*Asks:* 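This is the structure I want to talk about, given as structure tokens.
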Amino acid sequence: MCLHLLRRDHGQAVAADAARLAVAPLVRDGGQSQFIRHEPPKSAASLASLLDWMSANLDRTLTVRMLADQARMSPRTLARRFEEQTGTTPLQWLLKMRIRRAQELLEASEASVDQIASSVGFESAVTFRSRFRKVAGISPTAYRQRFGARER
């Protein structure tokens with residue numbers, strides 16, 4: 001009820017952020033993953049600038065070599081530091097960020113799922129739907145129905 005009141009009084013984005021902070025989706029059903037935002041590390045020795053650059057370039061085709069060049073280190077060193085700082089590989093982190101950006105677009109825009117897939121760097125909408133379901137636990141369409149800005 002509180003989330004409904006937040007959505008009504010302050011809008012969809014505020015309600016969705018509150019739901020994430022509470023580790024609860026706006027509407028809950030069994031078997032779905034939680035929607036939690038994880039902030040990147042922010043120390044001087046961190047990969048924060050690379051992570052920011054990756055986030056700004058989600059729509060591009062990015063390879064480990066490109067990421068290593070951007071970070072000014074070898075691919076092997078990048079992989080090691082990335083794992084230390086994020087707990088995952090560069091490409092898995094990139095996939096999760098693409099899905100997170102897609103979630104934001106599904107919540108706030110009226111763009112089609114195919115348009116969103118393209119705008120976050122997926123060459124195929126079919127691949128996007130499959131990856132989205134694997135990461136988020138529900139389809140992009142179901143996510144939009146659950147978290148979209150439209151009033152119920």
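Small disclaimer: the values here were computed from a predicted structure and weren't measured.
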*Asks:* Within a strict 4.5 Å, meaning less than it, do heavy atoms of the Phe122 and Ile99 side chains meet?
*Replies:* yes
*Asks:* Roughly how far, to the nearest 0.5 Å, is the OG1 atom of Thr63 from the CG atom of Leu91?
*Replies:* 8.0 Å
*Asks:* Report the distance from atom OH of Tyr143 to atom CD of Gln103, rounding to the nearest 0.5 Å.
*Replies:* 4.0 Å
*Asks:* Would you mind reporting whether Glu123 and Thr61 have side-chain heavy atoms less than 4.5 Å apart?
*Replies:* yes
*Asks:* Report the C-alpha separation of Phe128 and Val113 in whole Å, then their side-chain angles, then the decisive distance to 0.1 Å, and conclude whether the side-chain contact (heavy atoms from CB on, under 4.5 Å) test is met.
*Replies:* CA-CA 9 Å; Phe128 167 70; Val113 172; 3.6 Å; yes
*Asks:* Take Phe82 and Leu47 through the side-chain contact (heavy atoms from CB on, under 4.5 Å) test and state the conclusion after the steps.
*Replies:* CA-CA 7 Å; Phe82 213 95; Leu47 295 171; 3.6 Å; yes
*Asks:* Check whether Arg98 reaches the backbone of Ser55 with its side chain - one donor and one acceptor, N or O, closer than 3.5 Å.
*Replies:* no
*Asks:* Taking all non-hydrogen atoms of both residues, which atom of Arg144 and which atom of Ile116 are closest, and how far apart?
*Replies:* NH2-CD1, 3.5 Å
*Asks:* Between Leu105 and Glu110, does the side-chain contact (heavy atoms from CB on, under 4.5 Å) criterion hold? Intermediate values first, please.
*Replies:* CA-CA 8 Å; Leu105 292 171; Glu110 294 296 322; over 6 Å; no
*Asks:* Holding to side chain to side chain donor-acceptor pair (under 3.5 Å), I want the full list of residues that pass it with Ser74, two or more places apart in sequence or in another chain.
*Replies:* Thr77
*Asks:* Minimum heavy-atom separation for Ala125 to Ala117, with atom names?
*Replies:* CA-CB, 4.1 Å
*Asks:* Between Glu84 and Arg81, is the closest basic N to carboxylate O distance under 4.0 Å?
*Replies:* no
*Asks:* Under the rule for side chain to side chain contact (heavy atoms under 4.5 Å, CB included), what residues qualify as partners of Arg60, not counting sequence neighbours?
*Replies:* Trp53, Asn57, Leu62, Met66
*Asks:* Could I get the full list of salt bridge (charged side-chain N to carboxylate O under 4.0 Å, His left out) partners for Asp69, not counting sequence neighbours?
*Replies:* Arg65
*Asks:* Could you measure the distance from the OG atom of Ser119 to the CZ atom of Arg101? Nearest 0.5 Å is fine.
*Replies:* 7.0 Å
*Asks:* Are Gln70 and Leu67 packed together at the side-chain level, in the sense that at least one heavy-atom pair is separated by less than 4.5 angstrom?
*Replies:* no
*Asks:* State, with a plain yes or no, whether a side-chain heavy atom of Thr86 is found less than 4.5 Å away from one of Leu51.
*Replies:* yes
*Asks:* Just jot down the side chain to side chain contact (heavy atoms under 4.5 Å, CB included) partners of Ala71, sequence neighbours excluded, or say none.
*Replies:* Leu50, Met73, Leu78
*Asks:* Partners of Gln115 by side chain to side chain contact (heavy atoms under 4.5 Å, CB included), sequence neighbours excluded?
*Replies:* Ala111, Ser112
*Asks:* Side-chain atoms of residues 129-139: list all donor-acceptor pairs with protein atoms under 3.5 Å, sequence neighbours left out, distances to 0.1 Å.
*Replies:*
| from | atom 1 | to | atom 2 | distance (Å) |
| --- | --- | --- | --- | --- |
| Arg129 | NH1 | Asp114 | OD1 | 3.2 |
| Arg129 | NH2 | Asp114 | OD1 | 3.2 |
| Ser139 | OG | Ala142 | N | 3.1 |

